[in-house]
Colleague: 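Below you'll find the structure I mean.
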Amino acid sequence: MLIKPSINVLVVENDIGMMQKCRELLLNEGHWVRTAESVEEAVDIIQRQPSEADIILLSLELPMGGSMTLIETLQKARREPLIMGISEDCGEEALEAMEAGAYDCIRRNFTEAGFWVKMNRALETHRLRRQLGVLKRERQDALTKSKVHHDENILTILNSLTDALVVTDWQTNLVLFNRVAGRLFELNKNEVLGKPVSECIPSDELLSFLIRAVKMDSSLATLMAGEEPVITIGERTLQVHVDPVVSDAGTVIGAVALCHDVTTVEAMDKLRSDFLSMVSHELKAPLSSLLMQISVVNDGMAGELTEKQSELLSKAKEKAKGMITLVNDLLDYRRIQEGKSIQKIESLDLREILERTIELMRLSAEDKQIELTTEIMEDLPLFSGDRGGIQAIFVNLISNAIKYTPSGGAVRVTLTMAGKDIRFKVVDNGMGIAPEDLDRIFEKFYRIKTEQTKSIAGSGLGLSIVKGIVDAHNGTIHVESQPGEGTTFIVSLPTQE
Amino acid sequence: MKKIALVDDDVDFSEATKLLLQSKGYEVVLAHDGKEGLDMIRSERPDLIILDVMMPEMNGYDVCVVLKEDEALKDIPVILLTAVDQAFFRTTYSKHMGLMTEADEYIAKPVASEDLVACVESFMREA
């Protein structure tokens, strides 16, 4: 019946007949059996025997509540044996015993077959628990051992790091940290080693990353690379990189966190950002005066103008507008770099935004005698996005198409649904883009230099801004082009569920 | 004739804008800082107020707060006008954020002359 290796069973039973019966059954199958008639005797055996019992067959009807005492003692001592109760009717006392930690219970009037069904199940469970225990200990040992045998040199090296290093075992107990970590998190070696990291470092975020790392399948470990979240502890801002510690055998035995203090970098960023904002204000304010003055003079509000004067002022106005666009582009670009390309999410009617954009563009298209046509689908669903961002996508792509299409050409704008995506498409029959430039047009400041484009003004930021905004909305942008035949830009924006 | 109060420390911009609005048939009165602007608005009782945000003495937001708390003045529409970057607002002037809604219109500088006129006219029609 049993093909498994023999096991150690301790029978604790004051009914000698029952004890003998169990003993015989087990011995017949080649198992080791020891017996005890009382709790005291059982405890004595458990403590004395070097090899622990695998299973304890325990009468639940020992005098003076002895059965429960034994179960509780074993539980408290975190001993391994599985406890199988023996009771008259497996009633209340069996439930109580199982609640306290017993595995199962058999009736005194058991049949041989019934006895083995329950015993085999208990054995299987015991075997699995033991394997798990071995695995646990292996993992525990691996890092604890290394803690004991720290190589002095390695510690010196770790202490020389300018970043904080924290290592935990697989249960996220702190096992090692370097000098910078000690200073940063105010850790005292004698107090914190071996303690749960949650008690030592006050950051739920860090803890969650560590837990994620130790729970990770070692084969997935590389997936974490490149992910460097920023957390705040007290007044410090840290960029953390958490990796699982994987043993030679391939099991995750802990986690290592490297924390780079970016507090000053952040402060510098803020400073730079504020500085740029100030500069842009200082640039825009005089430009807006300039533009207003030119407009007023050119529109004849300060006296009649000759045709020549008016022509010169119109050119000056265009130049001033170009500079304003440049300042705005620089600001947009900075915002995207800072991850602020989405300022505010709201439900948008893209049809309305596009129609308004087209109205603005119509004039410059007419100036160049370019036929600007649109096809906008009825009943487009509302889109959750940033109004300014979406406008910037429309304006940049349409004005580019107009800019890079010679007089007499055509620009066609469509807004439709493609599956669950809203698709915005701008098709022109302009000068097109050479294949070698096609890959680079989304790079910042990249401008295609040809005889045809040299007279066209631009910052080289427009498309990188568009790309940044499309990315921020989880969309894609795609371009197709044939030099001399035209260019098509396709933006797909996923509608959220 | 409808009267517009323009409060902006940029004299060049103010003068040009004054010409623009006069040509559209409005009377325009000017002030060049927040305090002066507030005094002028109290004495002139304009039909519309255009306020720059970044000004010495008292900025446009603070002027707006005072106006909107004054029973006699709170119904005069206010257009806030500024070249300050929006993102910068949100950090530096965050305490004023609630006031964004208090102004009746918000226009970013530089503004095209025809847009400013269109905005002014929409308020004047309502009045």
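Every chain is numbered from 1 and lettered A, B, ... according to where its sequence line falls, protein lines coming before strand lines. No hydrogens, no waters, no symmetry mates; every other heavy atom, side chains included, goes into these values.
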Colleague: Within the supplied structure, the quantity of interest is the number of heavy atoms (other residues, nucleotides, ligands) at a distance under 6.0 Å from A:Arg362 CZ; does it exceed 12?
Modeller: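 Yes.
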
Colleague: Around atom CE of B:Met58, are there more than 12 heavy atoms from other residues, nucleotides or ligands closer than 6.0 Å?
Modeller: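 Yes, enclosed.
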
Colleague: Counting heavy atoms not belonging to B:Lys35, are there more than 12 under 6.0 Å from its NZ?
Modeller: no

Colleague: Chain A contacts: which residues in residues 3-19 of chain B have a non-hydrogen atom closer than 4.5 Å to it?
Modeller: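 At a heavy-atom separation under 4.5 Å, chain A is reached by B:Asp10, B:Asp12, B:Phe13, B:Ala16, B:Thr17, B:Leu19.
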
Colleague: Select, from A:Leu291, A:Ile324, A:Leu290, the one with the greatest count of heavy-atom pairs under 4.5 Å involving chain B.
Modeller: A:Ile324

Colleague: Rounded to the nearest 0.5 Å, how far apart are NZ of B:Lys109 and CE of A:Met292?
Modeller: 9.0 Å

